[in-house]
Amino acid sequence: MNEYRNLIGGRLVAAADGRTLDSVNPATGEVWARVPASGRADAEAAVAAAREAFPKWSALPALGRAHFLREVAGVFAAHAEELARIETTDNGRILRDTLKKDLPGMTHLWQIAAGQVLDAVKGETVILGPGSLGLTRREPYGVALCIIPWNSPISTFSAKAAYALAAGNTVIVKPAEQACASVLRLGELLAGVLPPGVLNIVSGLGEDVGDPLVRHRGVNKISLTGSTQTGQAITRASADHLKPLTFELGGKSPNIVFPDADLDAAAQGVTVNSIYTGNAGQVCVAGSRILIHRSVWDEMIERITSIAARVRLADPLDMATTMGPIVSEGQYERVTSYLDIAEKEGAELVFGGQTGADVVPSMPDGYWVAPTLFATSDNALRVCQEEIFGPVAVAIPFDTDDEALAVSNDSSYGLAAGVWTRDLGRAHRFVRDLQSGTVWVNTFRQMPPGLPFGGVKDSGYGHDAVLEYTREKAAIIQT
Ligand code: NAD
């Protein structure tokens, strides 16, 4: 049994009242780790530590902070295998992804953040008139609270903490209760790398420790990746102090396949690159609605079916596995409930629908859901409107560009969209007209550092790397 602790003020500590939560390996159903079930007292301690560390950290020259961030990148590189294995054991995301994509990608991201420290201290100069100079300066907020979900903890941790620290904030990370072991292990590794209190990590339930942190007057900025409902709860809870918020929330992203597309590339893009992924479609940008032009419907369904049949569900620690389990029993029940909902609503099952031991008999207690595709012409169905967060997609036929656009935008979400076409004019029109934070053309799920990543409508708002964690001050100097 692995026991993890919080990182508060540079020390590794249990929850103040000693309570723990069990962390379950979703491939086996076994409890493999215990993590602190933190509460209000731990939230208070983390805020106090972060506040104490802020003056010194924010006063460091930007390049001094860059030095620390590069040290953190070194820790990611040196412990890549260990961290990848912990995350895969904890949340079921396949080792092929955690080891080969996430850890190298995040090592890189910490280096990029180190290279962006100067952006956080750049301001503008405005000559207002003779003897009158206007200027702006960027300042960190103070204590930044980063609340993250369970589907890619190391990546989400990095995408927030690296930029918040680069900008001169001190940070409190609240990882998700379902899978936080990799982030807590990072806390152990970084305790001796960053000055005490600069980075604090407290695990526990959203309502027990997340909510007191959100409400705390000593927290100056909040960044959440999570569900729309949690974003709404945090907006309400933080309203008294008017805290600046960044939200990366859910989605119901369309992938639109036109008849002029490279259909082989599109089939790959709308399946294994999008929804039948290493972490079983538990991806915020999952292309869960596949819009297919009626003239290529049969060809596309055939291609999609054959790719899905080759997806290999098995032990996520095995490098040959291409799809892992659903993260927890609760999520498993949620995802499987949509299989019933789809059937009751009259959606046609094209393939899949198998669950549990029927999918991976050698690991009968794992939370397995086979790649599943429904078909319907009715975008109003719940399976077309609600985020399922599993390997369950819906195929929807269309006849005209206008119809494809209308169906795509007929969603409360607006996180991402894919367009598969060789027509440049059409590509540009859809980039312009899709209500979406990101539009991919002839590709999917690329999120390179250097481009913003965010959403519209219920998918959230705001994300601009290091600048997200600064505010601007204006000065007018009269001489
Ligand atoms: P969730 O919103 O339930 O939990 C996310 C985090 O918020 C957890 O750490 C949780 O403990 C915390 N939390 C919950 N209630 C809170 C409260 N009242 N106050 C403070 N903190 C609270 O989300 P989830 O089910 O764990 O994750 C899945 C969701 O995350 C999906 O909707 C998915 O689309 C979204 N997601 C979005 C992105 C993105 O970048 N847009 C990326 C990954 C996941």
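Just so you know, ligand 1 is whichever comes first in the structure, and atom 1 is the first atom listed for that ligand.
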Looking only at distances, please establish whether an N/O atom of ligand 1 is found under 3.5 Å from an N/O atom of [X].
{"X": "E177", "value": "yes"}
{"X": "Q178", "value": "no"}
{"X": "E207", "value": "no"}
{"X": "T230", "value": "yes"}
{"X": "F453", "value": "no"}
{"X": "L249", "value": "yes"}
{"X": "N151", "value": "no"}

Closest approach of any protein heavy atom to [atom], naming residue and atom:
{"atom": "atom 20 (C) of ligand 1", "result": "G210 C, 3.4 Å"}
{"atom": "atom 28 (C) of ligand 1", "result": "F389 CE2, 3.7 Å"}
{"atom": "atom 23 (O) of ligand 1", "result": "S227 N, 3.5 Å"}
{"atom": "atom 18 (N) of ligand 1", "result": "A233 CB, 4.2 Å"}
{"atom": "atom 12 (C) of ligand 1", "result": "I147 CG2, 3.6 Å"}
{"atom": "atom 24 (P) of ligand 1", "result": "W150 NE1, 3.4 Å"}
{"atom": "atom 42 (C) of ligand 1", "result": "C284 SG, 3.0 Å"}

When you measure from the heavy atoms of [X] to every atom of ligand 1, does any distance fall below 4.0 Å?
{"X": "L213", "result": "no"}
{"X": "E387", "result": "yes"}
{"X": "F247", "result": "no"}

Exercise. Parallel, tilted or perpendicular for F247 and Y461, by the 30°/60° rule?
Worked result: tilted
For this session: Could you label the plane-to-plane angle of the F389 and W150 rings as parallel, tilted or perpendicular, counting under 30° as parallel and over 60° as perpendicular?
Result: perpendicular
Please identify which atoms of ligand 1 are closer than 4.0 Å to at least one heavy atom of [X].
{"X": "G250", "result": "32 (O), 34 (O)"}
{"X": "T225", "result": "5 (C), 36 (N), 37 (C), 38 (C), 39 (C), 40 (O), 42 (C), 43 (C), 44 (C)"}
{"X": "P175", "result": "9 (O)"}
{"X": "L415", "result": "41 (N)"}
{"X": "I148", "result": "6 (C), 8 (C), 9 (O)"}
{"X": "L224", "result": "7 (O)"}
{"X": "D211", "result": "19 (N), 20 (C)"}
{"X": "E248", "result": "37 (C), 38 (C), 39 (C), 40 (O), 41 (N)"}

Exercise. Taking side chain as C-beta onward, heavy atoms only, is I326 less than 4.5 Å from Q282?
Worked result: yes
Problem set entry | Passing option when P36 is tested against V202, L184, I201 for side chain to side chain contact (heavy atoms under 4.5 Å, CB included) | L184
For this session: Report the residue from L291, L434, N255 that forms a side chain to side chain contact (heavy atoms under 4.5 Å, CB included) with V419.
Result: L434
Exercise. Looking only at side chains, do T355 and W368 share a donor and an acceptor under 3.5 Å apart?
Worked result: no
For this session: Please determine, by modelled atom types, if R11 and N200 share a side-chain donor-acceptor pair under 3.5 angstrom.
Result: no
For this session: Indicate, as side chain, backbone, both or neither, the part of S459 found under 4.0 angstrom from ligand 1 when only non-hydrogen atoms are considered.
Result: neither
For this session: Please check if atom CD in E343 has more than 12 non-hydrogen atoms from other residues, nucleotides or ligands closer than 6.0 Å.
Result: no
Exercise. Pick one: which of N151, D102, T277 meets side-chain hydrogen bond (donor to acceptor under 3.5 Å, both in side chains) with R93?
Worked result: D102
Exercise. Of G226, G231, G206, S152, which has the heavy atom at the shortest distance from atom 17 (C) of ligand 1?
Worked result: G206
Problem set entry | Pair R34-E3, salt bridge (Lys or Arg N to Asp or Glu O under 4.0 Å): steps then yes or no | CA-CA 5 Å; R34 288 211 177 88; E3 304 267 354; 3.7 Å; yes
Problem set entry | Side-chain donor or acceptor of N6 paired with backbone N/O of S203 under 3.5 Å | yes
Problem set entry | Criterion side chain to side chain donor-acceptor pair (under 3.5 Å) on Q111 and H108, from CA distance to verdict | CA-CA 5 Å; Q111 287 161 345; H108 194 201; 5.2 Å; no
Exercise. Are W420 and F444 an aromatic pair by the rule of ring centers under 6.0 Å?
Worked result: no
